[in-house]
Amino acid sequence: MAEEPDENRQRRNGLYREVSPELAENMRQGWADTERRDLAPAAQSAYTARRRAELSARFPGELLVVPSGLPKVRANDTSYPFRPSSDYAYLTGDQSEGGVLVLEPEERGGHRAVLYLRPRSDRENGEFWLDYHGELWDGRRNSLTENERLLALACRDVRTLAERLGAVGGPVRLLRGHDPEVDTALDGRATEEGDEDFRTALAELRLVKDSFEIAELRFACEATARGFEDVVRILAGGEPTSERLVEGTFFTRARVEGNDVGYASICAAGPHATTLHWVRNDGEARPGELLLLDAGVETRRLYTADITRTLPVDGRFTPVQRRVYEAVYAAQEAGIAAVKAGAAYRDFHDAAQWVLAEHLAAWGLFGERSAEEAYRLGLQRRWTLSGTGHMLGLDVHDCAKARTDTYVDGTLEAGMVLTVEPGLYFQPDDVTVPEELRGIGVRIEDDLLVTEDGNENLSAALPRRADEVEAWMARLRG
Ligand code: GLY
Ligand code: MN
Ligand code: MN
């Protein structure tokens with residue numbers, strides 16, 4: 001009988017601390033063989049193999065280590081829901097806690113990929129029920145053989161990893177900061193500089209999406225549209241409602257379909273819409289106000305949409321709300337038109353910002369200054385606040401570690417997916433704008449796939465034009 005580890009004993013209710021030999025013997029027996037022998041490789045496995053091959057080609061002769069990471073402790077023995085590091089998911093298709101992908105350089109060139117994972121819990125030594133993270137507590141895991149079949153990847157027991165890492169010489173690149181044990185094991189071998197380059201290479205590998213990823217993002221957008229439709233339905237009747245209910249309604253749709261959200265939903269009504277990251281969601285949404293909903297479903301394979309619609313709570317824009325909305329819509333149209341393969345990444349941002357500057361100038365917000373001069377000085381930014389978009393994929397702000405040269409100062413390529421999300425935000429206490437504008441915030445955000453001759457709007461199912469938004473709301477509200 002294995003000794004029960006101390007920390008388990010401390011964690012668990014003292015009543016069950018003592019284990020008699022009879023109970024230990026009893027728990028060892030009577031379990032059926034549940035090994036699944038009929039598993040076929042998941043569709044994703046052909047893609048992950050290709051992604052690993054590309055990574056391998058960039059780092060010949062080096063040992064490459066990509067951990068999944070460990071759950072973040074919330075308090076004592078409870079953790080936040082686990083999500084693997086995006087690079088690990090990208091290269092393996094796996095989502096296990098504590099997994100580690102190792103690409104070992106081979107003599108004849110290339111790398112051999114091995115995935116180190118926790119195997120199934122041992123019944124013989126009681127680990128499955130005495131270990132607080134045994135399968136009896138946390139649920140059945142795939143066996144290593146099952147995972148080999150599903151992922152089309154050699155799998156080994158993670159408890160053999162440290163020894164193996166010690167046995168492979170040569171330079172090492174590590175995706176640092178996800179698994180302290182792996183970081184420690186490679187201390188002194190991997191350099192911080194080398195690891196930064198590795199992180200950058202991974203981000204740049206992910207800039208152009210393969211067809212599996214595009215299908216996931218398309219699905220994420222479709223699922224997100226269903227969540228937005230549910231939100232419109234609860235706005236029916238035009239009575240006051242709450243940001244909380246909006247948040248919960250969107251989340252419920254994501255969860256009942258087996259998905260999650262890719263970031264904290266921004267459910268911002270009235271003046272809250274002028275706060276870019278309004279995730280407190282603790283206000284009311286009243287008739288006559290706008291509701292800015294920025295939310296995205298994350299698929300089971302961890303790809304997220306990132307969509308914003310700004311909706312009149314009672315289904316009709318007021319004239320001043322419509323004026324602001326239409327300026328943002330025009331800016332988004334200009335931005336979207338600038339998204340195509342071969343264009344500079346900055347083009348869509350510049351196009352949208354210019355249109356906003358023109359509108360702000362026409363409304364007299366720059367005083368004597370022309371739109372051109374204000375734009376040159378960036379004065380529109382008092383009300384446009386943020387950049388006009390970003391790459392999208394496994395992370396909502398995807399590929400953020402890519403070099404400036406390849407991302408922000410780079411060129412769009414077919415297969416990239418990005419958001420175009422201009423906005424105007426007039427703070428409630430901004431005395432430089434007419435009173436009627438104060439407290440109005442509008443953003444429209446769509447997810448675009450760059451194609452050879454332009455783009456495809458993956459979130460086009462959700463109406464954007466003001467009159468289409470009103471008609472859509474009226475239809476859903478019956
Ligand atoms: N929801 C975060 C963003 O739009 O970038
Ligand atoms: Mn967003
Ligand atoms: Mn965004």
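These values consider heavy atoms only, across backbone and side chains, with no hydrogens, waters or symmetry-generated copies. Remember, it's 1-based here, ligands and their atoms both numbered in the order they're listed. Keep in mind the model is a prediction, meaning the values are calculated, not measured.
Of the listed residues (L356, L385, L437, T274), just one forms a side-chain contact (heavy atoms from CB on, under 4.5 Å) with L424, and that residue is L356. Screening F251, Y303, F250 against V297 for a side-chain contact (heavy atoms from CB on, under 4.5 Å) leaves a single residue, F250. When R322, R465, R464 are each tested for a salt bridge (Lys or Arg N to Asp or Glu O under 4.0 Å) with E470, only one passes: R322. Of the options N147, N142, V158, a side-chain contact (heavy atoms from CB on, under 4.5 Å) to L117 is made by N147 and by none of the others.
Looking only at distances, a side-chain donor or acceptor of R255 sits under 3.5 Å from a matching main-chain atom of N259.
Looking at H390 next to ligand 1, an N or O pair under 3.5 Å apart turns up.
Those atoms of ligand 1 with a heavy atom of Y263 less than 4.0 angstrom away are 1 (N). Annotation for ligand 1: atoms under 4.0 Å from non-hydrogen atoms of E445 are 4 (O).
Among the backbone and side-chain atoms of E445, an N/O/S atom is found under 2.8 Å from the Mn ion (ligand 3). The nearest N, O or S atom of H390 is closer to the Mn ion (ligand 3) than 2.8 Å.
For H397, the closest heavy-atom approach to ligand 1 falls below 4.0 Å.
The part of D306 lying near ligand 1 is the side chain, judged by heavy-atom distances below 4.0 Å.
Checked against the Mn ion (ligand 2), the N, O or S atom of D306 at the shortest distance is OD1. Taking the Mn ion (ligand 3) as reference, the nearest N/O/S atom within E421 carries the name OE2.
In this model, no donor atom of one side chain and acceptor atom of the other lie less than 3.5 Å apart for D447 and T419.
Checked against a 6.0 Å centroid threshold, the rings of W383 and Y425 do not count as neighbours.
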